[in-house]
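Just below is one structure, and these are the notes that go with it.
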Amino acid sequence: GDYLQTSQGQIISSKPNYQQILEQQGEVLSCMELVFNELQQTVKLLQ
Amino acid sequence: SVNPMVYEAQFFGFTPQTCMLRVYIAFQDYLFETMQVVDSVILKKLDAIPNCKISPSEIRKSTEKFLLFMKEHFEKLFGKMEEVLLQLVLNIPKNVLLPEDKVQEQYPYSKEQLQALQEEIQQLQQQYRAEAAAGQALRAELEEQKAVQAELEKILQWFDGLDNICREHGISNFKESFAFLTQNSKKLQELLKDVEVKSK
Amino acid sequence: GRAQLFDTVVDTFLQKLVAAGSYQRFASCYRRFYKLQPELTRGIYEQFISQLQASIKEEIQEIKQEGNLEMLFNSLDKIVEEAKTQEEPAWRPSGVPEEDAGSALAPYLLKHRAYLQRILREKQEENRQAAEAVLAGRGRITELQQLIAAHQQAWQ
């Protein structure tokens with residue numbers, strides 16, 4: 001809260017949630033896992 | 001109405017009046033002492049004169065008379081001397097500012113102005129502390145960003161790696177390849193059906 | 001100068017005192033003794049005057065040395081000479097140390113204020129540059145997120 005009074009207060013206050021960003025990438029990778037499972041099954045079926 | 005002459009005391013290290021008092025007491029003491037010596041010398045000389053009709057008390061009276069006379073003149077003359085010395089020698093004229101007080105004319109700050117200045121300084125100190133903390137916060141975020149960027153770039157590299165693997169294995173376009181494979185397997189299934197029907 | 005004036009005033013005092021305590025006056029006070037021993041009376045008087053003058057002059061020298069008066073008088077003469085163009089009455093202590101100390105403190109406070117203003121400006125500039133880097137970093141992270149999302153969508 002004190003940062004708002006400083007020269008770059010707004011920038012500091014608008015800091016993104018980097019932890020959340022990294023957690024989202026975890027979701028991306030889980031999604032990709034599903035995609036590849038599907039692909040694998042499809043290829044087996046086609047074989 | 002007595003002028004304490006404090007400014008002069010600041011300069012000289014003593015008040016002019018103290019100095020004059022010292023001189024007065026010393027001069028008076030010397031006058032008395034010298035007269036005492038005169039008195040005792042005359043009495044001694046008298047003792048040496050045989051059949052002297054002058055009594056010691058007479059000499060004493062003469063000494064007192066002369067001393068009284070001298071003291072009167074001493075007081076008058078000393079008063080004049082003191083006046084001259086206090087006015088012309090041991091004084092600092094009204095228009096004169098001592099060197100150590102030059103700051104009073106250069107920086108004529110009232111109590112209120114000084115307080116305002118001190119408050120301003122306090123505020124600046126607080127601002128600086130806040131800016132220093134803000135700087136630390138910004139640098140901490142930069143460090144955090146480095147770590148996050150590294151992670152994201154790793155994931156991106158992984159995706160690029162996938163694309164490279166596909167290319168290495170001759171699959172430039174997964175969608176097309178799957179469409180082709182699906183079509184072919186459908187064709188094969190139809191061919192099989194055809195063959196089964198024709199063989200029956 | 002003050003030193004010379006001081007000596008002159010003291011000498012004048014002494015001369016007038018001696019003149020007042022003349023031999024005639026001395027002899028008239030010790031009339032009977034004078035009649036008895038005129039030469040002795042004269043001798044005693046001369047010694048009295050000589051002793052008195054010597055003691056007073058010695059005392060004055062002592063006072064001058066103790067108080068370093070010669071140096072102080074010359075210094076004051078110089079200060080007075082430098083201030084001769086100043087017509088207005090100069091500042092004098094108010095008698096309230098709190099009030100007077102303010103002006104003595106003022107130059108140091110002003111210096112301190114200037115110093116704080118300077119380092120604050122420097123710190124703000126430093127932070128401005130750091131904030132620029134932070135914004136650039138955020139932009140890059142957003143870009144990476146978008147690229148990853150695009151890849152993911154493409155695979156999906």
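If you're wondering where the values come from, they're calculated on a predicted model, not measured in any experiment. Hydrogens, waters and symmetry mates are skipped; everything else that's a heavy atom, side chains included, is used. All chains are named by letter (A, B, ...) in the order of the sequence lines, taking the proteins before the strands, and each is independently numbered beginning at 1.
- Taking 4.0 Å as the cut-off between side-chain N and carboxylate O, C/Lys64 and C/Asp7 count as a salt-bridged pair.
- Of the residues considered (C/Asp100, C/Ile60, C/Leu110), C/Leu110 shows the highest number of contacts with chain B, using heavy-atom pairs under 4.5 Å.
- Classified by interplanar angle (parallel below 30°, tilted 30° to 60°, perpendicular above 60°), the ring pair B/Phe66/C/Tyr30 is tilted.
- Ranked by heavy-atom pairs shorter than 4.5 Å toward chain B, the options C/Gln124, C/Glu88, C/Gln51, C/Arg31 are led by C/Gln124.
- A salt bridge links C/Glu143 and C/Arg140; the closest N-O separation between the charged side-chain nitrogens and carboxylate oxygens is under 4.0 Å.
- Both the backbone and the side chain of C/Arg138 come within contact range of chain B, with heavy atoms under 4.5 Å apart.
- Counting heavy-atom pairs closer than 4.5 Å to chain B, the top-ranked of the candidates C/Lys123, C/Gln86, C/Lys16 is C/Lys123.
- For B/Leu138, the parts sitting under 4.5 Å from any heavy atom of chain C are the backbone and the side chain alike.
- In this structure, C/Tyr108 places its OH atom where only 12 or fewer heavy-atom neighbours from other residues, nucleotides or ligands lie under 6.0 Å away.
- At a threshold of 4.5 Å between non-hydrogen side-chain atoms, the residues C/Leu52 and B/Phe27 do not count as touching.
- Interface remark: B/Lys65 contributes backbone and side-chain atoms alike to the contact with chain C (heavy atom separation under 4.5 Å).
- Only the side chain of C/Glu126 comes within less than 4.5 Å of a heavy atom of chain B; its backbone N, CA, C and O stay farther away.
- Taking 4.0 Å as the cut-off between side-chain N and carboxylate O, B/Lys71 and B/Glu75 count as a salt-bridged pair.
- Using a 4.5 Å cut-off between heavy atoms, B/Lys80 does not touch chain C at all.
- For a residue to count as touching a neighbouring chain, one of its non-hydrogen atoms must lie under 4.5 Å from one of that chain's; by this rule B/Gln115 does not touch chain C.
- Looking at B/Pro108, only its backbone comes within 4.5 Å of chain C, counting heavy atoms on both sides.
- Side chains of C/Gln129 and C/Glu125: a donor on one and an acceptor on the other come within 3.5 Å.
- Residue B/Leu86 forms a side-chain contact (heavy atoms from CB on, under 4.5 Å) with just one option from B/Glu8, B/Met5, B/Met81, and that option is B/Met5.
- The contact between B/Phe69 and chain C is made entirely by side chain atoms (from C-beta outward), counting heavy-atom distances below 4.5 Å.
- Your options are B/Leu124, B/Leu77, B/Ile155, and the one with the most heavy-atom pairs under 4.5 Å with chain C is B/Leu77.
- Heavy atoms closer than 4.5 Å to chain C are found in both the backbone and the side chain of B/Thr63.
- Among the candidates B/Ala134, B/Ala137, B/Ala132, the residue making the largest number of heavy-atom pairs closer than 4.5 Å to chain C is B/Ala132.
- The structure places NZ of B/Lys44 at 14.0 Å from CD1 of B/Ile49, a figure rounded to the nearest 0.5 Å.
- Atom-to-atom distance recorded for C/Ile56:CD1 and B/Leu31:CG is 7.5 Å, nearest 0.5 angstrom.
- Residues C/Glu87 and B/Asn95 are not in side-chain contact: their nearest non-hydrogen atoms beyond the backbone lie 4.5 Å or more apart.
- Scanning residues 39-50 of chain C against chain B with a 4.5 Å heavy-atom cutoff picks out C/Leu40, C/Ile44, C/Phe48, ordered by number.
- Contact of B/Val37 with chain C is not made at all, since no heavy-atom distance falls under 4.5 Å.
- One finds the CG atom of B/Asp163 at 11.0 Å from the CD atom of B/Glu168 (value rounded to the nearest 0.5 Å).
- The 12-atom threshold is exceeded at CD of B/Gln113, counting heavy atoms of other residues, nucleotides or ligands nearer than 6.0 Å.
- Only the side chain of B/Glu120 comes within less than 4.5 Å of a heavy atom of chain C; its backbone N, CA, C and O stay farther away.
- Among the candidates B/Thr34, B/Leu114, B/Val89, the residue making the largest number of heavy-atom pairs closer than 4.5 Å to chain C is B/Val89.
- B/Ile92 is listed as a side-chain neighbour of C/Arg92, based on a closest heavy-atom distance under 4.5 Å.
- Considering only heavy-atom pairs separated by less than 4.5 Å from chain C, the leading option among B/Asp101, B/Val84, B/Leu90 is B/Asp101.
- Looking at C/Asp77, neither its backbone nor its side chain comes within 4.5 Å of chain B, counting heavy atoms on both sides.
- For C/Glu82, no part lies near chain B; criterion is any non-hydrogen pair under 4.5 Å.
- Comparing C/Ala133, C/Ala136, C/Ala101, C/Gly95 by how many heavy-atom pairs each has under 4.5 Å with chain B, the most go to C/Ala133.
- When only modelled atom types and interatomic distance are considered, B/Gln10 and B/Glu100 share a side-chain donor-acceptor pair under 3.5 Å.
- Heavy atoms of B/Phe74 lying under 4.5 Å from chain C belong to its backbone as well as its side chain.
- Using a 4.0 Å cut-off between a side-chain N of Lys or Arg and a carboxylate O of Asp or Glu, C/Glu122 and C/Arg118 qualify as a salt bridge.
- At a 4.5 Å heavy-atom cutoff, C/Val96 makes no contact with chain B through either its backbone or its side chain.
- No salt bridge links C/Lys78 with C/Glu81; every basic N to acidic carboxylate O contact stays at or beyond 4.0 Å.
- Most heavy-atom pairs under 4.5 Å with chain C: of the set B/Leu162, B/Val6, B/Ile59, B/Leu85, this distinction falls to B/Leu85.
- Side-chain contact between B/Leu46 and B/Pro56 is absent, with no heavy-atom pair separated by less than 4.5 Å.
- Residue B/Gln149 touches chain C through both its backbone and its side chain, counting heavy-atom pairs closer than 4.5 Å.
- For chain C, the nearby part of B/Asp160 is the side chain; its heavy atoms alone come within less than 4.5 Å.
- B/Glu72 does not touch chain C: none of its heavy atoms, backbone or side chain, sits under 4.5 Å away.
- Interface remark: of the candidates C/Trp155, C/Phe13, C/Phe6, C/Phe73, C/Phe13 forms the most heavy-atom pairs closer than 4.5 Å to chain B.
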Next item on the list: Go through B/Thr182 and B/Ser185 one step at a time and tell me if the side chain to side chain donor-acceptor pair (under 3.5 Å) criterion holds.
Entry: CA-CA 5 Å; B/Thr182 316; B/Ser185 65; 5.5 Å; no
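- The pair B/Lys61-B/Glu58 does not count as a salt bridge, with every side-chain nitrogen at least 4.0 angstrom from each carboxylate oxygen.
- For the set B/Lys146, B/Glu131, B/Arg139, the count of heavy-atom pairs under 4.5 angstrom toward chain C peaks at B/Glu131.
- Between chain B and the options C/Ala154, C/Gly137, C/Pro93, C/Pro89, the largest number of non-hydrogen pairs under 4.5 Å is found for C/Gly137.
- With salt bridges taken as basic N to acidic carboxylate O contacts below 4.0 Å, one links B/Arg22 and C/Glu66.
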